Amino acid sequence: RGSDSMVTVGFGLQSAKLGKKDLLKVENRELTEQEMNRIALVAPLATINLIRKGERTQKFTVKLPDEFEGLARCGNLGCITRHEAVPTRFATLSREPVALRCHYCCFVTSGADLELL
């Protein structure tokens with residue numbers, strides 16, 4: 001966000017454990033819980049490494065919460081959240097692959113149909 005923050009993106013990098021992996025490096029800031037939940041929506045098996053002073057201090061896998069608000073749009077074009085100022089709210093049915101049920105209309109959104117807010 002500031003001029004001292006650099007973002008590096010790598011796709012298809014070699015990994016001894018996974019064969020290939022993608023990388024997103026954000027310098028000079030820590031991700032919020034909301035940002036990590038967004039990552040979990042599009043990359044449910046992502047690993048986050050927290051690095052301070054050149055040393056990894058924490059490593060964890062993202063986990064989409066059982067219920068959450070405001071991260072994605074309901075896939076039902078008739079849902080109240082698409083027509084009124086109502087925050088989206090979902091229950092997580094599946095994490096891999098991601099499947100979400102809308103709290104208001106019970107529509108299930110998944111996979112390529114996911115649309116982040």
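What you are looking at is a predicted structure, and each value in this text was computed from that prediction instead of being measured.
- Sorted by first and then second residue, the salt bridge (charged side-chain N to carboxylate O under 4.0 Å, His left out) pairs with a member in residues 36-48 form an empty list; sequence neighbours excluded.
- Under the 4.5 Å side-chain criterion, counting only non-hydrogen atoms from C-beta, I39 is in contact with L31.
- Atoms CG and CG, from N37 and L116 in turn, are 11.5 Å apart once rounded to the nearest 0.5 Å.
- Hydrophobic clustering (ILVMFWY, side-chain heavy atoms < 4.5 Å, transitive): V9 and V42 are in distinct clusters.
- Identified under the salt bridge (charged side-chain N to carboxylate O under 4.0 Å, His left out) test for residues 45-65, with sequence neighbours left out: E30-R52.
- Judged purely by atom type and a 3.5 angstrom limit, T109 has no side-chain atom pairing as donor or acceptor with the backbone of L114.
- Here Q14 pairs with K20 under the side-chain contact (heavy atoms from CB on, under 4.5 Å) rule; sequence neighbours left out.
- Put simply, the side chain of I48 reaches to within 4.5 Å of the side chain of V62, judged on heavy atoms.
- Atom CD of E33 sits in a sparse spot, with 12 or fewer heavy atoms from other residues, nucleotides or ligands closer than 6.0 Å.
- Here the CZ atom belonging to R101 is positioned 10.0 Å from the OG1 atom belonging to T92, to the nearest 0.5 angstrom.
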Could you go through residues 64-82 and list every donor-acceptor pair under 3.5 Å that involves a side-chain atom there, pairing it with any protein atom two or more places apart or in another chain?
unit_1, atom_1, unit_2, atom_2, d
D66, OD1, R95, NH2, 2.5
R73, NE, E115, OE2, 2.9
N76, OD1, G78, N, 2.9
R82, NE, C74, O, 2.8
R82, NH2, C74, O, 2.8

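- Taking each heavy atom of C105 and C102 in turn, the nearest pair found is N-SG, 3.6 Å.
- No continuous path of ILVMFWY side-chain contacts below 4.5 Å connects L93 to L100, so the two sit in separate hydrophobic clusters.
- Residues passing the side-chain contact (heavy atoms from CB on, under 4.5 Å) test with T61, sequence neighbours excluded: T47.
- The shortest non-hydrogen separation linking V98 to A40 is CG2-O, 4.0 Å.
- Using a cut-off of 4.0 Å between Lys/Arg side-chain N and Asp/Glu carboxylate O, E27 and R29 are scored as not salt-bridged.
- Neither L13 nor L24 shares a network with the other; the hydrophobic side chains, linked directly or stepwise wherever heavy atoms of I, L, V, M, F, W or Y lie under 4.5 Å apart, form separate groups for each.
- Among all heavy-atom pairs drawn from G12 and D22, the shortest one is N-OD1, 2.9 Å.
- Rounding to the nearest 0.5 Å gives a distance of 7.0 Å between CG of L50 and CZ of F60.
- Partners of K21 according to the side-chain hydrogen bond (donor to acceptor under 3.5 Å, both in side chains) rule, which considers only residues two or more places apart in sequence or in another chain, do not exist here.
- Both F11 and V26 sit in one connected hydrophobic cluster of ILVMFWY residues. Membership requires side-chain heavy atoms under 4.5 Å apart, directly or through other members.
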